[in-house]
Structure formats: structure tokens, C-alpha cells
Amino acid sequence: MIPFNKAPVTGLEINFIKEAVNSGKLAGDGDFSRRCEKWFEDTTGSLKTLLTPSCTHALELAALLIDTQPGDEIIMPSYTFVSTANAFVLRGAKIVFVDIRPDTMNIDENLIEDAITSQTKAIVPVHYAGVACEMDTIMAIASKYSLYVIEDAAQGVMSKYKGKALGSIGHMAAFSFHETKNYTSGGEGGLLLINDKSLISRAEIMREKGTNRSQFFRGMVDKYTWVDIGSSLLPSEIQSAYLWGQLLEAEKINDKRLDDWHFYYKALTPLADSGKVALPIIPEGLTHNAHMFYLKLKDFKSRTAFIKEMKNQNILTPFHYIPLHSSPAGQDFGVFSGVDVFTTKESEKLVRLPMYYGLGSTEREEIVAAIYKSLES
Ligand SMILES: *Cc1c(COP(=O)(O)O)cnc(C)c1O
């Protein structure tokens, strides 16, 4: 069976983990965590980055930092992972879902303004498949209405929007290092990126159980004490050591994924030309990270048949999100603004092909051959 995903391994991780173990210091904010955070600050241009146990935690921290309150409204696409919404629902907010664009599956920036009310607090664009949302428009709307923008860049590590790293554009952003993402910190992990200076010091405090421990260690205060609400949102050094072994080869991983992505694209273009499938679209000005390669079939029925055919040929091609507004919790905690023209329709057509760092060249050939065979039958 060719799986849909395998956790990326460069081979460097194990030695860094040993180093961490031998150092006798395994709690968060150690040497490996600092190295990783500096790497992200240098490569993205973000003002401050803080590792977290997951992207979900980074989003929850962002929701706390903008002081999300019951009654606040948060705008986001319905076609996303549950954590995008849950982070704000946990603070009592109402989710306002906006339809997506059929080309990128990202929030339709032209529909956001209609969804804004006096209760709106933030916009959470999700960069689906590592392909950027239309950030210039989104930032201009946010500035006009004084809203926060929190990028869910879980899938967007190493991607760019008009030359700017995803995660460095909104007031804050979240990366994921879950094993299904381009880089992992040993299975689970995340990062909060902060681009608004005024949020940094409170972020450090909330992440450290509501204490000023970070400031204390930098010698900025003479006592280490409880100063605010907070939680324990630091990953261990074992996780950061694993991640460091990935970041040193970040370009290599990125190039390899892009090579697979272009291989699929070229090999499947004849099927797109004959109208059997639709291939991903990357708008002008964007640099993506090959987080995902998806196909769109004609409709829900042809997708179901395709997945079954591929499984019969021992290849797993899962579909993705069931739109949140049609899920039980989504109905309780959210509303859809305007009409769902594309969210349900486009999501029902989409399947993802195996895409991971360890994917072999014979395997990808087999996958393409199986796709041709599945679509003939
Ligand atoms: C993976 C993912 C998350 C959650 O990441 P975790 O690190 O597993 O918490 C959130 N949003 C999106 C869009 C994701 O793809």
C-alpha cells in the first residue's frame, strides 16, 4: 500500500535528540528551541516567533492575545481544519464563515467586507495547500475596519506572497509541525509568529503559564512571578531537536516536494486537457511549498469512485475537510455569511495524492499510472 503521508526524516534528527538528552536540559526554551525560533525569524522576517506544542495551541494563544470575548465575531473560510475555528470558539466567539475561491480553495477576499459587523474582531485567512490568500486585499480591509489578521499558515511554511513569507504578513500567524506537514517536530508541534510589536511581551507571558519567566531570564525584571492569565505552551527540547534536524535541510525538503509536485502536474496535464480532472491553480506572484497535490474530479460521485479505484490499486488518496459550517459544532458556533456557492461544491470534488518527503520515484510513477487506469474504468 502506498500511504498518503509519511513523517519526514532527514537523518539528522537522531543526533540532535541525543545531544538534547545528554545536555540534561529537556524543558522548553532550551538551546534547540532558541535555534529553531531564530531560524524562523531570519527566514520569514517575522518580529518574534515562539514554538508551541501544536499549531492548534498557537492559534489558541493568538485568540487569547487579541482578547477574544463572548460575542466577538471571527471571519474565516468554512473549508479548513477544526482548530482554526475552535481556538476562538473556546473564548466564546462566534465564527462567521465566508465562501472560498474555486481556484485556490482560499477565502474569497472580495466577500469579506460583507461579513463584517460591529462585533467583528479578526479575520483568519487559511493558506490552503501552502498557496497564499490574497493578503494585500485582506490587510487593507483589516486596516479599514481596525481588525486583527491571524494567518493560519499551518500548511504554508516556506511559501511566499509577492516575495513575503507566509506568516510574516498578518498581526500574527501559526505554523504546524504535525507529521502530515512539510516539516515536523517529531509528530506534533507548532509556532506562533508575531508581527505586531505590541503583542510580544504578553505572548511570552501567556505561553509561560502567565509568569514573567522569560523577562526574568533576560534580566529584565528581578522577580519571577504570576502576572497574567496563561498556560503551558512550550514544546520540549526533544521536539525542538527533531525540528532542528529538519530545518537544516529545509531547502532540500522543499525542492524535493516541488519536484514531486511538478512531476504530478506534468504527468496529469493530458487528463486535465481532456477534461477528466482539474489540476491545482497557482495565481501569479505566489511561491508555494508543494504542501499538497490535489485533483478535482467532476463531482462527489466520481470522487468516491476514484478513491475506491485507487485503493483497489493499493494507493491511498483521501479527501479533505468537510466544510465546518455543515458539521454539528459548526452549526452551533458559526454562521455562513452570504451564499455557499463554492465551499461545498468544490470540496466534494477534491482528492489529495500521496505527497511526502520520502516518496520514491517508482512510487510516483505507479501513482500516475494508477490514476490513468482509475479514470479509464
Ligand atoms: C494541520 C492544520 C492545523 C492544526 O495543526 P496542529 O499542529 O495539528 O495543531 C490547523 N490549521 C490547518 C489549516 C491545518 O492544516
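Indexing begins at 1, ligand by ligand and atom by atom, following the structure's order.
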statement: Between Leu147 and the options Thr120, Ile138, Ile112, the side-chain contact (heavy atoms from CB on, under 4.5 Å) test singles out Thr120
- prompt: Listing by chain and number, which residues have a heavy atom under 4.0 Å from ligand 1?
  reply: Ser54, Cys55, Thr56, Thr80, Phe81, Thr84, Val126, Asp152, Ala154, Gln155, Ser176, His178, Lys181, Gly189, Tyr321
task: Please name all residues satisfying side chain to side chain donor-acceptor pair (under 3.5 Å) with Asn22, sequence neighbours left out, ordered by chain then number.
output: none
Check: Tyr79 ring centroid to Phe97 ring centroid under 6.0 Å: no
message: Applying side-chain hydrogen bond (donor to acceptor under 3.5 Å, both in side chains) as the test, list every pair that has at least one member in residues 315-325; sequence neighbours left out.
response: Ser78-His325, Tyr128-His320, Gln155-Tyr321, His320-Arg352, His325-Asp340
field: Sequence-distant partners of Ser46, side chain to side chain contact (heavy atoms under 4.5 Å, CB included), two or more places apart
entry: Thr44, Thr49, Leu193, Asn195
field: Over all atoms of both residues, closest heavy-atom pair of Phe177 and Val157
entry: CE2-CG2, 4.4 Å
